[in-house]
Each structure stands twice: as C-alpha cells, then as structure tokens.
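Quick one: the structure is below, questions incoming.
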Amino acid sequence: MSGNAWTRWPSREALGRAGTTRPRRMLAWAVRILVLGTLLWGAFHHRHIGTGGALAAAAGVVGAGVVAWAFFRTTYAHRLAPSLALTAVLLTLAVAAQATGFTVPALVLWCGCAVSALERLPLAAATPVAAVALASYSVFDTDAWLTTTVTVVGMALAGYVLRLDAEARGNAQRLLAQERAARAAEAESAALNERSRIAREIHDVLAHSLSAQLVHLEAARLLIERGAEREQILERVVAARGMARDGLAETRQALSALRGDLTPLEDFLAELVSTAGGAEVTVTGERRALPAEASQAVRRVAQEALTNVRKHAQGAKVHLRLDYSPHEVTLNVRDSGGRTGELAGTGGGYGLLGMRERAELLGGSLDARPDDEGFVVTLKVPV
C-alpha cells in the first residue's frame, strides 16, 4: 500500500450511520447487546465476587461503555490523539480485569479494541493497536493454541473486512450526494434556461409589435407635420391600432408556445403573408412537427423580415419559402426591392441581430444580405 493509504482515515461517511439499512442497524445493536451481556456475565459470574466486587465490576463495565462511545465519536471527528488515548484506556481496563480474575471481560475488550481499531483508525495507527490487543488476547487465552490462532486471525480479518465494507458504503454515500447535487444543478440550469427562453420570447414579441406600431405612428407624425389629409392620418393611426391588436395576439401565441400549444407553422406563415399584402409563401419537403424552439425561431424571423420590408422596401413583393430537409429546416424570405421608406431610420437595428443570436443558440445560422433585386434573409435551423 502507498503511504497515503496507511495514514488516511476512513471517510466520515464510512464512520457514520448514514446509508445503513434497518437490518444492518438492528444487527449492530444486537452485537452491542451481546458484547454488553458478555461483559456483565463475565463480571458477575465469578465465584469469589462480593457486593463491593459486583459494584466495582458494574462500574468497570459502564466505564468501558462510556470510553467506547467516546472512541467512536473521536474517530468520527478524525482526532487521532484522543482516539489513541481512549484505546489505551480500554486496553488498561482489559489488563485490570485480567489482573483481578475477570478473564472473559478482558478477552472481550481486547478483541473489541482490535476490531474497532482496524475498522476506524488509520492503518498506521490501527496495526500496532490491533497487534497489542490480539497479542494480549493470545497470551491470556486458555484455549488450545490452534483455536487461539484462528480467533486472532479471524478478529484481524473481521476488523479489516468491516473497514472495507464501511469504505464501500461511504463511497456509495458520496456518489449519491454528488448525484443529488448534479441533479439539483441540472434542475437549476433548466430553470434558468427556461427563464431565458421566456424572456427571449416576450422580448421578441414586444420588439416586433412595438417596432411595427412605431412605423405607423411615425408616419402619422410626419403626415401631421406636412398637413396631410385627415383620412391619411387616420389610416396610419388605425394601422397602429391594428398592430397593437396583433401584438396582443402574438403575445398570447407566445404564451401558448411556452405551454407547448403551437399552431402549425405552415398555417402561421400563411396567415402572416395574408396580412402583409404582396407576399406569398411556398412550402417544400416533407412537412413535420418541429421542436418548439425551432418553430418559434422560424416564426420570429419571418415576422422580423416582413417588418423590415415594410420599413425599407415599400411596395416590394415578398416571397417566403419554407423548406423541410432531413436534418434542418430553412426559411428564405426574399423581396423584389422597393423604394426606401421615410421610416427606414427608425428602430434600433437589433431585430436581425437578435434573430441571428437565436439561430446560433439552436446551432443554426441566419444570413441577411442584398441580392440582385432586393434583400434576402435565410434562416437554417437543425432539427
């Protein structure tokens, strides 16, 4: 064994009672009761004992029990010096018992010290303690030498086996504690991810809805400044009100999505282009249900792309193409180009950036660039 193995204490999980089964605890108490009964029987079953001797024997048994309890506490606390001192007290009591003719209690104490030392002390300290205790037992045992030898070897093996068993139980307790901690951390991480997802969904809904309303309200402001007709201004205000109503509907839809209750993606895109004017949608590939995150990413990119068309390419025709492939879904939003609107400078310019971040979180990508005719936005999300 390595030097570390010789000086290492059994773990506190091994020395404690946590993780022990009910039958095991009952067996441990049965052994303690048997040892206590043996000590009492050996103390009182003596022909020449009187009243004073009986009281002294009883005091010795109680004292040995108290010292043994203290030994268990100090070894659990990994305090070597007090543990060795208490072991020395027990060995001294055994010698005193043997010297006064109480042979059976003395033999029991020696065996108990050997087994307990091997089970609970570092091997560097347990080995000499067990050697002294078992040597004392073999010297004063009156059985045949073969019986004594077998008993000594059995006690040594019993102490070491109990040590190995306790260490195995301690390792199991540590693994269980680590697993519980990992599960708690995983649950906390899942909760944080879910909060982030909810925050991202609400942010995207509000950003899209408020941006669209801003477009119309800013247009209404410009019309008022130019002295436009009342009908033109009213048209913009009504459109802004419609965008607010649509925003509420989208918020409800986002909350439904968070609950896992999503309308089919194709139906959503069809409804979206029906209100956009000059837009059409094409779906190719084998249609199938998408994970909630992927479906939401497609919906948000489609909304953001159409909002940008209204702001930057008024009057342009827009074509949405949704393609299902075996390992990913692709959304392509292409406009034919149009005149730059007066509200092109409104907004913070973070819409497509947020969509790109959303796509990257899902392991996908988003590409937004001008082409020969107008502007094209391409979203790819693995599924």
Side-chain angles (χ1 to χ4, degrees), residues 9-18 20 24-46 53-138 140-141 151-152 154-167 169-170:
W9 282 88
S11 65
R12 291 192 175 183
E13 293 84 359
L15 297 177
R17 292 179 294 181
T20 56
R24 193 187 192 93
R25 290 195 297 269
M26 293 179 64
L27 178 61
W29 277 108
V31 171
R32 294 188 184 103
I33 293 172
L34 178 62
V35 171
L36 179 60
T38 303
L39 289 174
L40 292 174
W41 181 85
F44 290 102
H45 191 72
H46 198 282
L55 293 176
V61 171
V62 172
V66 172
V67 173
W69 175 83
F71 171 79
F72 275 75
R73 300 301 299 174
T74 55
T75 53
Y76 180 77
H78 290 177
R79 300 171 61 191
L80 183 59
S83 299
L84 291 177
L86 292 169
T87 304
V89 172
L90 289 174
L91 293 175
T92 302
L93 288 175
V95 172
Q98 177 64 37
T100 54
F102 295 96
T103 303
V104 173
L107 297 179
V108 171
L109 285 174
W110 280 320
C111 290
C113 287
V115 173
S116 298
L118 289 172
E119 180 186 5
R120 304 182 67 87
L121 290 174
L123 287 177
T127 302
V129 170
V132 170
L134 293 177
S136 300
Y137 173 87
S138 61
F140 293 100
D141 187 28
T151 302
V152 168
M155 290 294 105
L157 290 177
Y160 192 68
V161 168
L162 288 174
R163 181 191 190 92
L164 295 179
D165 180 71
E167 281 289 11
R169 178 168 50 83

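Residues take their numbers from the sequence shown, with the count starting at 1. Computed from a prediction, not measured in an experiment: that's the story for all the values here.
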task: Hey, could you give me the CG/OG1 distance between Leu107 and Thr151, rounded to the nearest 0.5 Å?
output: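 One finds 9.5 Å between CG of Leu107 and OG1 of Thr151.
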
- prompt: With respect to Leu109, which candidate in Leu93, Val67, Val95 satisfies the side-chain contact (heavy atoms from CB on, under 4.5 Å) definition?
  reply: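 When Leu93, Val67, Val95 are each tested with Leu109, the side-chain contact (heavy atoms from CB on, under 4.5 Å) holds only for Leu93.
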
field: Nearest heavy-atom neighbours spanning Ala133 and Trp110
entry: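 The answer is CB-O, 3.3 Å.
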
task: Could you pull out the closest heavy-atom pair between Phe71 and Arg120, with the gap in Å?
output: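 Shortest heavy-atom contact: CE2-CD, 4.1 Å.
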
field: Shortest non-hydrogen separation from Ala97 to Ala106 and the atoms involved
entry: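 Heavy-atom minimum between the residues: CB-CB, 4.0 Å.
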
- request: Report yes or no: does Arg163 contribute a side-chain atom to a donor-acceptor pair with the main-chain N or O of Leu121 at less than 3.5 Å?
  value: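 Yes, Arg163 side chain to Leu121 backbone: donor-acceptor pair under 3.5 Å.
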
Nearest-0.5 Å distance that lies between atom CG in Leu157 and atom CG in Leu162: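 Leu157 atom CG to Leu162 atom CG measures 11.0 Å (nearest 0.5 Å).
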
message: Could you work out, with side chain to side chain donor-acceptor pair (under 3.5 Å) as the rule, every residue matching Ser116, not counting sequence neighbours?
response: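 Scan of Ser116 (side chain to side chain donor-acceptor pair (under 3.5 Å), adjacent residues dropped) gives none.
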
query: Closest approach of Val129 and Cys113, non-hydrogen atoms and distance?
result: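 The answer is CG1-O, 4.5 Å.
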
task: Work out which heavy atom in Ala125 is nearest to a heavy atom in Leu84; give both atom names and the distance.
output: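 Where Ala125 meets Leu84 most closely, the heavy atoms are CB-CD2, 4.1 Å.
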
message: Checking Thr87 now: which residues fulfil side chain to side chain donor-acceptor pair (under 3.5 Å) with it, not counting sequence neighbours?
response: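 Applying side chain to side chain donor-acceptor pair (under 3.5 Å) to Thr87 gives none.
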
query: About how many Å separate CG of Leu80 and OG1 of Thr74, when rounded to the nearest 0.5 Å?
result: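 With rounding to 0.5 Å, OG1 (Thr74) is 9.5 Å from CG (Leu80).
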
task: Give the minimum heavy-atom separation between Ala117 and Ala126, together with the two atoms involved.
output: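 The answer is O-CB, 3.0 Å.
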
- prompt: About how many Å separate CD of Glu119 and CZ of Phe72, when rounded to the nearest 0.5 Å?
  reply: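 Atom-to-atom, Phe72:CZ and Glu119:CD are 6.5 Å apart.
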
message: Donor-acceptor check, side chain of His78 to backbone of Ser11, threshold 3.5 angstrom: yes or no?
response: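 No; judged by distance alone, with no hydrogens or angles, the pair does not exist.
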
